[in-house]
Each structure stands twice: as C-alpha cells, then as structure tokens.
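Let me begin by presenting the structure, written as structure tokens, before commenting on it.
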Amino acid sequence: VNPDALQELVDEIRSTSRQGWLIRLVAFAAAMTTLVCTERAAGHFSDWVVFAVIGAATIACLRPDGHAALVVAAVICVRSLAAVDDVRTSWTVAIAIGLLVFHTAVALAATGPPAVVFPREVVARWGRRAALVAIAPPAVWLAVGALDGLHPRGNAVLTGVAIAGVAGAALVLRRRSVSD
Amino acid sequence: VHAHRTAAPPQLPARSRPDDAWHPAPAHLRAAAIAVCMVTAAVLLRRPDALVVASPLVAIAGWSIARRPRSLPVIDERIGDATLREGEGTTWHLRCTSGEATVDTVVVAMPHRPWLTTAPASAVVAGLGVAAAHDKGATGGVAVELAIDLRSTRWGCRPLGPVTVAAASAWGSFRWSTRGATLGLITLPMPSMFDTAAPMQRSQGLVGLSRSSRPGDGTEFAGIRAFQVGDRLRRIHWPRSLREGTLHVTSTWADQDSLVVLIVDAFDDVGVSGGIDGAPSSLDVTVRATAAIAEHFLARGDRVSMRVFGTTRVTRLAPRTGRSHLRRVLDTLSMIEAGTDRNELADMRRLAIPAGALAIMLSPLVSPSALQRAVALARNGVDVVVVDTLPPSLAEDPDPVTALAWRIRLLERRREVRVVQEVGVPLVEWKGPGSLDRVLRDIARRSGAPRLVRR
C-alpha cells in the first residue's frame with residue numbers, strides 16, 4: 001500500500017463535510033437498494049454479486065472520482081441480463097431508478113473535493129434533473145410492455161437498422177465525449 | 001530547547017489539475033459505457049428490459065453531450081483589502097464567467113495557510129452557474145460569484161492561493177480546472193500597548209519635542225538672563241527688567257528631536273505562535289514591541305530608524321519621522337522571515353549608529369550574539385537598551401527533558417546577561433507600558449556626564 005495514497009485517503013475522509021457524507025450515504029443506499037431489487041428479480045441471491053457490489057460501492061463512496069461506480073453499475077447490469085428472465089418484470093424500473101440515484105449521487109460527490117458544501121440551489125438543480133430523468137424508466141417499461149404484448153416477429157432489416165443506429169450513436173457519443 | 005520555524009508548506013486540497021480544455025469525467029464515462037453496452041445488448045440479445053435499466057443513463061449521456069461546454073471560462077479574482085492588521089479580516093472574491101450557458105457548477109478550493117482562518121473553515125466553496133447580467137461582460141452566458149472570508153491572525157507577508165478552480169457541466173460529465181493567481185496578503189503587526197513618561201537623552205536634531213542640551217528657541221524654560229543683541233522682544237521679562245533697571249529676557253532650551261534606532265533580532269523565533277488570539281512566540285513579542293516603541297516615539301515627533309538582523313528581506317530603514325514612517329516600520333516588520341540570514345559578521349558591520357542616538361535592541365537573547373552586539377555598541381559610546389522579548393511561558397514545558405534543557409539555557413542566559421549588565425548595558429524585560437521608563441531616565445541623567453569610549 002502506498003503510504004502517501006493511504007494518507008491522502010485518510011485526509012479526504014477526515015475532511016469530508018456532513019453534506020458530503022449524506023450524499024455518499026444516499027449513493028451507498030441506492031446501490032444496496034438496486035442490488036436487492038436485482039437479486040429479487042433474479043429470484044435468488046448470488047454471493048459474488050453481493051460482495052462485488054458492496055465492495056465497489058464502498059470504494060465508490062470513498063473515492064467518487066474513480067471508476068468503482070462503473071463497476072457497481074456494470075455488475076448490476078450484467079446480473080440483471082444474466083439472471084432476470086422476465087423482460088416485463090417491474091423490478092427493472094426499480095433497478096433503473098436505483099442506478100439513476102446512485103449515478104447522480106456519485107457524480108455530485110465527485111464534482112468537488114470532499115470538504116465542499118454545495119449550496120441548496122446546486123442540490124435542488126441536481127434533484128430536479130434526476131426527477132426529470134426518472135420519468136424515463138417507467139415510460140420505457142410501459143412501451144416495452146405494450147410492444148411485448150404484440151408478440152412481434154423477428155425482422156432482420158429492423159435488427160440491422162437498430163445495430164447500425166446503436167453503432168452510429170456510439171460513434172457520435174465517443175466523438176463528442178473525447179477531449180478537444 | 002526547541003526553536004520553531006513558522007513557515008508551513010501549503011496544501012492544495014483539490015485534485016484537479018490545471019487545464020486548458022474540458023475533459024470528460026468518470027461520471028460521463030460511466031453513463032456512456034453503460035448506455036452503449038446495455039442498448040447493444042438489448043438489440044443483440046432481444047432483451048428490451050435492458051433498455052429499461054439503461055434508460056436513465058442513456059438520457060444522462062445524451063443530455064451531457066448535448067450540453068457539453070466548448071468555450072473556456074474566465075476567472076477574475078480579487079481580494080478586498082490586501083493589507084490588514086493582525087486579527088482583521090477581508091474577503092476574497094472570484095467571478096467565473098463563461099460565454100455559454102453550459103457551465104453548471106463551479107467549485108473553488110483555497111490552500112490552507114498558517115495563521116489564516118477562513119469561512120468556511122474548509123476554504124472550499126461551490127456555486128451554481130446563473131445567467132450573467134449583460135452589464136458584467138458575459139452576455140448569453142453564465143457567471144458564478146464566490147467568496148471566502150479571511151482573517152489573518154499573525155503579522156507577516158504571506159501568499160494567498162493559488163486557488164484551484166474547477167467547473168463542471170450538467171451531471172458533472174465534463175470538467176475544466178485551472179489555478180488562480182497567487183495574491184499577496186500583508187498583515188501588519190498590531191503594536192502592543194506602550195508608553196513612557198521618561199525624558200529622552202540629549203539629542204542632535206533640530207525639530208522635535210525633546211529638550212536639547214543647548215539653549216535655544218524652544219518652549220522648555222531655562223532661566224532669565226540679561227538681554228543680548230538678537231534676542232526677540234517678546235522674550236523680554238518685564239517684571240525683572242523693571243526691578244533690575246536693565247533688560248532681561250526669558251531663555252529656553254531648544255526643542256529638538258531624538259534619533260531612536262530599533263535593532264530587531266530576527267535570528268530565532270522561539271516557541272509556537274498562536275497568532276493574535278493565542279500565545280506569542282518570541283518573534284511575535286519582538287515585532288509587536290518594536291511596533292509599539294516606534295509608534296510611541298514617532299507620535300512624539302522623534303526620528304526612528306530600524307535595523308533587522310537575521311532576515312534576508314528589508315533589513316534597514318532610514319531615520320524618518322511622522323505617521324507615514326510608522327507604516328514603513330510596520331511594513332518592514334511584516335516582511336521579517338526569522339533565521340533566513342545567518343551572516344552575523346556582516347550584521348555587525350552594518351551597525352553604524354550615529355552618536356547621540358538611542359539604540360533599543362529587542363531580542364529573545366537565545367543566542368549570545370545579540371548581547372555581544374549590544375556590548376560592542378555600548379563600547380562605541382552609543383546608549384543601548386536591551387529589551388528581553390522571550391515570553392516567560394515558553395520555559396514551562398510539560399516534557400521534563402525539555403523543561404530541564406530550558407532551565408539550563410536560562411541559567412546560562414542569566415550569566416550572560418549579568419556580564420553584559422556589568423559592562424553598563426541596561427536590560428529590561430518587555431512588559432508593555434512603562435517597560436523603558438527607568439532605563440530611559442537613567443540614560444537621560446547620565447547623558448550629560450563624560451564617559452570613556454573606544455574610538
């Protein structure tokens with residue numbers, strides 16, 4: 001263990017403001033809620049998933065500016081894809097909202113050093129935005145439910161168009177995301 | 001015996017690095033990666049539920065790239081008052097403006113400095129980007145105004161900053177950071193309470209409040225003598241003239257000033273300074289006492305000069321008088337950095353004090369060199385007073401070894417002081433008002449007497 005890095009971590013933990021701890025607590029609680037929802041949707045608990053999510057969420061809360069939060073989100077997404085068979089289950093909405101709260105809280109915590117106390121307006125703006133985005137999961141879930149009820153047949157052309165669309169969107173996303 | 005150097009390394013609390021572009025943050029990578037992977041999985045694996053799970057992150061990723069800032073913000077920082085007295089406060093302001101309305105949050109972290117308290121205590125503040133007023137130069141963009149209250153608790157010239165400024169776009173997806181400028185903050189020492197009722201010794205100047213050793217045009221009554229050619233008519237003492245039958249005039253002593261040379265020993269700073277609110281170090285006592293003595297004599301109309309030893313910055317102040325000179329004295333004192341110059345031989349050569357001046361040396365007398373310097377001055381015929389500025393509380397240490405070391409050193413010091421006093425150099429402990437009364441009275445009394453000096 002690098003003593004300097006460890007000391008830096010200890011200093012950060014000691015300097016974390018009360019609001020900072022609250023934001024981290026929200027993030028951790030959201031990760032745990034999402035984990036529970038995923039496992040309930042899967043029907044059984046997986047030890048490695050629980051340990052991985054708890055460990056990564058803890059690291060993400062201590063170091064929100066790192067990539068541990070990506071590990072949390074990735075594990076939950078993979079778990080929901082691998083273990084949840086019912087595509088119309090309402091647990092997916094809870095999982096999605098849990099991921100949204102976790103992502104928002106970690107991103108807000110990473111915006112400043114641990115000692116920062118965000119003004120009420122900043123927290124309110126982030127909260128309003130999160131509430132706006134939280135409309136998406138139930139809307140998509142309703143749309144998925146409606147489309148699934150039609151029992152559509154496979155269409156190679158539509159699948160090709162969809163893959164092309166996803167690839168194009170990914171390229172645009174990458175091009176607009178990298179540094180100038 | 002421990003000697004404490006007051007310089008402390010600055011610490012930058014923020015992790016951000018100075019940059020000239022907006023960079024994607026881990027939050028954006030997280031949202032974009034999960035969104036792309038889950039949507040791809042939904043299409044390839046025919047799993048529409050993946051779209052539900054990924055939908056918030058898809059929205060956030062899209063929102064983030066749609067609101068990605070392009071132009072760099074401009075920061076403008078200033079400090080309310082760059083010169084303070086100990087214990088006074090000021091406010092540091094920062095205005096961050098951007099031509100685009102995409103700057104969401106701005107966070108500023110100021111590095112901690114010793115003897116500088118901030119509000120908030122963490123010296124980290126955050127603000128929300130709001131539409132800038134048109135008259136403030138950021139039309140169509142946003143501006144964030146942040147402020148940190150500062151209070152300086154110890155004299156000195158200390159840099160302020162550089163602050164780390166970090167701006168973030170919506171959802172904290174893109175980040176830009178920079179370092180501000182290093183501003184100078186001068187804290188002038190708060191003079192201790194000081195006053196003296198003792199008369200000054202003989203003086204050489206022409207203007208002032210002290211009585212000269214020569215008769216002349218002044219206010220201090222000297223006697224009544226016979227009229228001489230050149231005497232002013234308003235000086236005629238009519239009652240005596242009528243009684244004697246010849247003209248007599250009232251004679252006075254000339255009003256003249258004195259030259260006070262303050263010699264500041266800044267070789268060592270013993271003890272830990274608690275600032276204006278806490279226990280003083282030896283240099284705190286020295287500096288505040290010097291300021292008090294200078295303020296007193298300058299207010300009387302005397303000329304004051306100053307020599308500072310042990311520091312590499314301003315070490316010499318020419319004799320002047322007046323309120324503006326007091327500011328020079330305080331400025332010079334605030335620039336002292338203890339122990340940065342150890343060339344004692346060069347210091348001895350710089351001590352050329354004119355005859356008739358009163359030299360007041362302020363020193364904690366931790367090293368014998370200050371006493372040697374005082375003895376050398378006295379042997380050259382200069383009236384020297386040594387003021388002991390070692391705080392008595394320093395010797396009371398809970399550690400028995402340190403307390404023993406202090407005791408041994410103080411015994412040695414007492415012996416050195418006794419030797420110096422036998423040479424004829426008075427030494428007084430700094431106690432504020434009246435500290436110098438007795439020695440100044442003695443010096444004034446013996447100033448008229450002949451003495452043996454080495455030339």
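In what follows, chains are A, B, ... by sequence order, proteins preceding strands, each numbered from 1. Only this structure's heavy atoms are used, side chains among them; waters, hydrogens and symmetry mates stay out.
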(request) Counting only heavy atoms closer than 4.5 Å, note whether B:Val107 contacts chain A via side chain, backbone, both or neither. (result) side chain
(request) Would you mind checking which part of B:Ala61 comes under 4.5 Å of any heavy atom in chain A, side chain (CB onward), backbone (N, CA, C, O), both or neither? (result) both
(message) Looking at every heavy atom in both A:Ala136 and B:Ser55, which two are closest together, and how far apart are they?
(response) C-OG, 3.9 Å
(message) I'd like to verify something: which residue of A:Ala69, A:Ala73, A:Ser80 has the highest number of heavy-atom pairs under 4.5 Å with chain B?
(response) A:Ala69
(request) Could you tell me the separation between the CG atom of A:Leu99 and the CD1 atom of B:Ile34, rounded to the nearest 0.5 Å? (result) 7.5 Å
(request) Among the options B:Leu45, B:Ile60, B:Val108, B:Leu44, pick out the one with the most heavy-atom pairs lying under 4.5 Å from chain A. (result) B:Ile60
(request) Name the member of B:Ser173, B:Ala170, B:Ala42 that forms the most heavy-atom pairs with chain A at distances under 4.5 Å. (result) B:Ala170
(message) Under 4.5 Å from any heavy atom of chain A, what part of B:Ala32 do you find: side chain, backbone, both or neither?
(response) both
(request) First locate atom CD1 of B:Ile65, then atom CZ of A:Arg175, and finally report the distance between them rounded to the nearest 0.5 Å. (result) 10.0 Å
(message) In the structure I gave you, are the side-chain heavy atoms of B:Leu51 and A:Trp141 within less than 4.5 Å of one another anywhere?
(response) no
(message) To the nearest 0.5 Å, what is the distance between CZ on B:Arg30 and NE2 on A:His67?
(response) 9.5 Å
(request) Name the member of A:Leu158, A:Ile95, A:Thr104 that forms the most heavy-atom pairs with chain B at distances under 4.5 Å. (result) A:Thr104
(request) Any chance you could lay out the side chain to side chain contact (heavy atoms under 4.5 Å, CB included) test for B:Val36 and A:Leu173, step after step, and finish with the verdict? (result) CA-CA 9 Å; B:Val36 169; A:Leu173 193 63; 3.7 Å; yes
(request) Supply the atom-to-atom distance A:Ile163 CD1 to B:Thr40 OG1, rounded to the nearest 0.5 angstrom. (result) 8.5 Å
(message) To the closest 0.5 Å, what do you measure between CE (B:Met38) and CG (A:Leu81)?
(response) 4.0 Å
(request) Looking only at non-hydrogen atoms, find the nearest pair between B:Pro26 and A:Asp65 and report the distance. (result) CG-O, 3.2 Å
(request) May I ask you to name which of A:Ala115, A:Ala134, A:Pro138, A:Gly98 has the most heavy-atom pairs under 4.5 Å with chain B? (result) A:Ala115
(message) Which atoms of B:Ala31 are under 4.5 Å from chain A, going by heavy atoms: the side chain, the backbone, both sets, or neither?
(response) both
(request) Drop me the distance from A:Cys77's SG to B:Leu57's CG, to the nearest 0.5 angstrom. (result) 7.0 Å
(message) Which heavy atom of A:Thr111 sits nearest to which heavy atom of B:Ala168, and what is that distance?
(response) CG2-CB, 3.8 Å
(message) Tell me if the CZ atom of A:Arg125 is crowded by more than 12 foreign heavy atoms within 6.0 Å.
(response) yes
(message) Counting heavy-atom pairs closer than 4.5 Å to chain B, which one of A:Leu70, A:Thr159, A:Ile97 comes out on top?
(response) A:Leu70
(request) Using non-hydrogen atoms and a 4.5 Å limit, figure out which bit of A:Ser15 sits close to chain B: side chain, backbone, both or neither. (result) neither
(request) Mark yes or no for whether B:Arg68, through its side chain, and A:Arg176, through its backbone, hold a donor-acceptor pair below 3.5 Å. (result) yes
(message) Tell me the closest heavy-atom pair linking B:Pro24 and A:Ser177, and the distance in Å.
(response) CG-O, 3.1 Å
(message) Using 30° and 60° as the class boundaries, would you call the ring planes of B:Trp171 and A:Trp126 parallel, tilted or perpendicular?
(response) perpendicular
(request) Sort out for me which of A:Val117, A:Val84, A:Thr34, A:Val71 touches chain B most, counting heavy-atom pairs under 4.5 Å. (result) A:Val84
(request) Sort A:Val166 into side chain, backbone, both or neither according to what part of it lies under 4.5 angstrom from a heavy atom of chain B. (result) side chain
(message) For B:Ala35, which atoms come within 4.5 Å of any heavy atom of chain A: side chain, backbone, both, or neither?
(response) neither
(request) State, with a plain yes or no, whether a side-chain heavy atom of B:Val52 is found less than 4.5 Å away from one of A:Arg88. (result) no
(request) Measure A:Leu132 against the heavy atoms of chain B and call it side chain, backbone, both or neither at under 4.5 Å. (result) side chain
(message) Assess whether a salt bridge exists between A:Asp85 and B:Arg47, defined as any Lys/Arg side-chain N lying under 4.0 Å from an Asp/Glu carboxylate O.
(response) no
